[in-house]
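For reference, the structure is listed below as structure tokens.
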Amino acid sequence: MQITPTIRAELDRYLKQQGLSLTQFGHIAGINRGIISSIVTGNKSMSVNQLDRITEAMGLAEGYFYDLFIENYIIDFPPNMRRIERLLYRCAELDKLDAIRRIVGQIMDNLLYSPKLFDIAEALLAQGRHHAASLLYEGVAEAEKYQHSERLAICQYRIFTIQIGDDQNQNLRAASIFESFVERLDEVEQLDALKDLANVYRSLRKWDKVDEMARKMRDKAKIQYTLKHQQNSRELNEAAKKLSRPMFVYITYADLLCASVCEEQGDYDQALQYTYAYANLDWVKETDEDALYWIKLYQHWAQANVLANKLLSGDVSVLYEYLNYIDASSDTIQEDRVTQLLNIMIAANRYKLDVNDILKRFETEIASFSQQPSSDDMYTQQVIPDYSAWCGYELAYYYLNQGMFGDGFNQLLFAMLKAHILNNETYFINCIGLFVRFKAHAVPETKTEFFNLIEKVWWLNNVEKSGNADRCG
């Protein structure tokens, strides 16, 4: 039978090896001699703070004894939530995720601890410790999976937002799992959830799901907006403050999403009708600064998107009007510029337009494609990287067909790398096809870079994931 070592025994051995008395060590650690004595003799447990002081006094790394602490003072002991809470925060600070997983697994058999763990998870999320928070949300969700509670739905929402990242296949799985929990959220909180789901599906080009989420969001937002102004309920007004934007924005954003769906389906007339709908905001009752900001933003988007819609439908006469509007909007955010350039490049390739002079105006945007989005909004984090990869491909297609091979292959390799990061096989295969079509014009260095990228992707997908690295060595 294997005997689990104890922190007490480790401390006792250290004192003997160093020839330190309890008083001397207590002075080094900043702990009363009597407490050190009680810990060594086993007559007293210790707090996490005392453990940290002892660990530092012994010259060991922070958190060195945390696994033993779990063994000695948590497993097979009645849960002490004060001690556990402190330990969870410290494990999160030190990124000791396995220790957090053990603690959660140990105490979550009892549903009484769910509220406290949920509160700790919320605090960790606010601190930006997303991975640690996710483990707690997962523990609470697993414990409450048969409870059909709102807390369960909130946990699933938090897990969804934490899991969303670069890998679009993973994003699709996360969205599919979370979608079934949306209706269990508070009616107001459902609006942000549907918005986030719509943006993830938009980045995945799942247009039927975008349309479904948008319509649900519009219907729910209209109901809540009507109640907000008819009843003037304090409770409803307080709930609305938790939203990421004014409530009317969810109605207008639904129209914007539906317009984007129609554009992708080639129904430009219907897309224009949705665009005109979110351009007309005379019905909005709010007049505060935040509301006026959003009203102005939607009017800007509407003007730009009406022109973009006409351009993509084949009315190339509006190209320079669209460009002039872009230039006149000096306060346009970077994310909008990516979308605008993408619209121009799709039209240029679709209708054989010469846009060489126009591209010089977008040199800054093209150079910044590889930069990480600055906002944590789901649209910026998911849709813009997808648009950047797509725009890279459209630029490569344009340059290569124009005989500008250096620029073309540079954009193509960027688009391939971005598609690999996003785990978007369609983009990646399209890029390979474009390279093959123009490979006769690639210089040796470009061909080498291309094949190195292909080999890297093949290795990651077929060797590392399957564990065949040793057999291939």
Side-chain angles (χ1 to χ4, degrees), residues 104 107-126 130 132-165 170-202 204 206 208-228 231 233-247 249-251 253-254 257 376-379 381-382:
V104 173
I107 68 173
M108 281 315 299
D109 286 342
N110 192 331
L111 284 174
L112 291 175
Y113 302 115
S114 286
K116 186 60 181 178
L117 275 191
F118 177 79
D119 290 342
I120 296 171
E122 293 281 86
L124 291 175
L125 185 67
H130 293 172
S134 183
L135 292 175
L136 300 188
Y137 288 128
E138 289 169 6
V140 175
E142 176 63 23
E144 297 195 0
K145 63 184 178 182
Y146 300 119
Q147 304 302 308
H148 301 284
S149 65
E150 183 181 340
R151 183 164 54 234
L152 170 62
I154 295 173
C155 284
Q156 293 292 350
Y157 187 13
R158 302 289 190 264
I159 293 168
F160 162 70
T161 56
I162 291 169
Q163 287 182 342
I164 294 299
Q170 167 61 27
N171 293 348
L172 178 58
R173 288 192 292 272
S176 299
I177 291 171
F178 170 59
E179 190 179 326
S180 63
F181 291 92
V182 172
E183 295 290 337
R184 302 188 198 177
L185 291 168
D186 173 84
E187 288 85 350
V188 172
E189 192 164 11
Q190 288 180 28
L191 301 180
D192 268 325
L194 288 166
K195 171 184 65 66
D196 289 341
L197 272 171
N199 279 324
V200 171
Y201 283 131
R202 188 179 180 184
L204 297 170
K206 301 289 184 184
D208 58 334
K209 300 301 292 184
V210 175
D211 187 69
E212 180 185 347
M213 298 302 109
R215 292 179 185 280
K216 285 183 178 180
M217 181 171 65
R218 184 197 293 112
D219 292 343
K220 292 175 183 292
K222 282 184 174 180
I223 292 171
Q224 294 302 316
Y225 192 71
T226 300
L227 291 174
K228 179 175 182 287
Q231 299 179 359
S233 164
R234 179 180 177 182
E235 183 179 347
L236 188 54
N237 286 328
E238 287 300 315
K241 290 179 181 178
K242 299 177 182 178
L243 291 170
S244 63
R245 53 210 66 196
M247 192 176 287
V249 173
Y250 298 87
I251 302 171
Y253 194 60
L257 288 169
D376 59 1
D377 176 77
M378 199 67 78
Y379 171 81
Q381 288 288 334
Q382 295 303 310

Looking only at non-hydrogen atoms, find the nearest pair between [X] and [Y] and report the distance.
X: Ala221; Y: Ile251; result: CB-CG1, 3.6 Å
X: Leu197; Y: Glu179; result: CD1-CA, 4.0 Å
X: Val140; Y: Ser114; result: CG2-O, 3.9 Å
X: Ala214; Y: Ala254; result: O-CB, 3.3 Å
X: Thr161; Y: Met378; result: CG2-CE, 4.2 Å

Which label fits Phe178 and Phe160: parallel for a plane angle under 30°, tilted from 30 to 60°, or perpendicular past 60°?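 Plane angle under 30°, so parallel.
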Drop me the distance from [X]'s [atom1] to [Y]'s [atom2], to the nearest 0.5 angstrom.
X: Leu172; Y: Tyr201; atom1: CG; atom2: OH; result: 6.5 Å
X: Met213; Y: Leu257; atom1: CE; atom2: CG; result: 11.0 Å
X: Arg158; Y: Leu124; atom1: CZ; atom2: CG; result: 13.0 Å
X: Gln382; Y: Ile164; atom1: CD; atom2: CD1; result: 5.5 Å
X: Asp186; Y: Leu191; atom1: CG; atom2: CG; result: 9.0 Å
X: Leu185; Y: Leu152; atom1: CG; atom2: CG; result: 9.5 Å

Cut-off 3.5 Å, side chains only: do Tyr157 and Asp192 have a donor facing an acceptor? no
Would you kindly say whether Gln156 and Tyr137 are connected by a side-chain donor-acceptor distance under 3.5 Å?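 No pair is found: no donor N or O on one side chain lies under 3.5 Å from an acceptor on the other.
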Audit row: Ser244, Lys195, side chain to side chain contact (heavy atoms under 4.5 Å, CB included) steps and yes/no: CA-CA 10 Å; Ser244 63; Lys195 171 184 65 66; 3.7 Å; yes
Do the charged groups of [X] and [Y] touch, with an N to O distance under 4.0 Å?
X: Arg215; Y: Asp219; answer: no
X: Glu183; Y: Lys220; answer: yes
X: Lys228; Y: Glu187; answer: no

Audit row: Glu142, Met108, side chain to side chain contact (heavy atoms under 4.5 Å, CB included) steps and yes/no: CA-CA 9 Å; Glu142 176 63 23; Met108 281 315 299; over 6 Å; no
Run the side chain to side chain contact (heavy atoms under 4.5 Å, CB included) test on Gln224 and Leu243 for me, step by step, so that the C-alpha distance in whole Å, both residues' side-chain angles and the decisive distance to 0.1 Å come before the verdict. CA-CA 12 Å; Gln224 294 302 316; Leu243 291 170; over 6 Å; no
Can you list everything that forms a side chain to side chain contact (heavy atoms under 4.5 Å, CB included) with Glu138? Sequence neighbours excluded, please. Ser134, Leu135, Ile159, Gln163
Who pairs with Tyr250 by ring pair (Phe, Tyr, Trp, His ring centres under 6.0 Å), at least two apart in sequence or on another chain? none
Steps toward side chain to side chain contact (heavy atoms under 4.5 Å, CB included) verdict (Val182, Lys216): CA-CA 11 Å; Val182 172; Lys216 285 183 178 180; over 6 Å; no
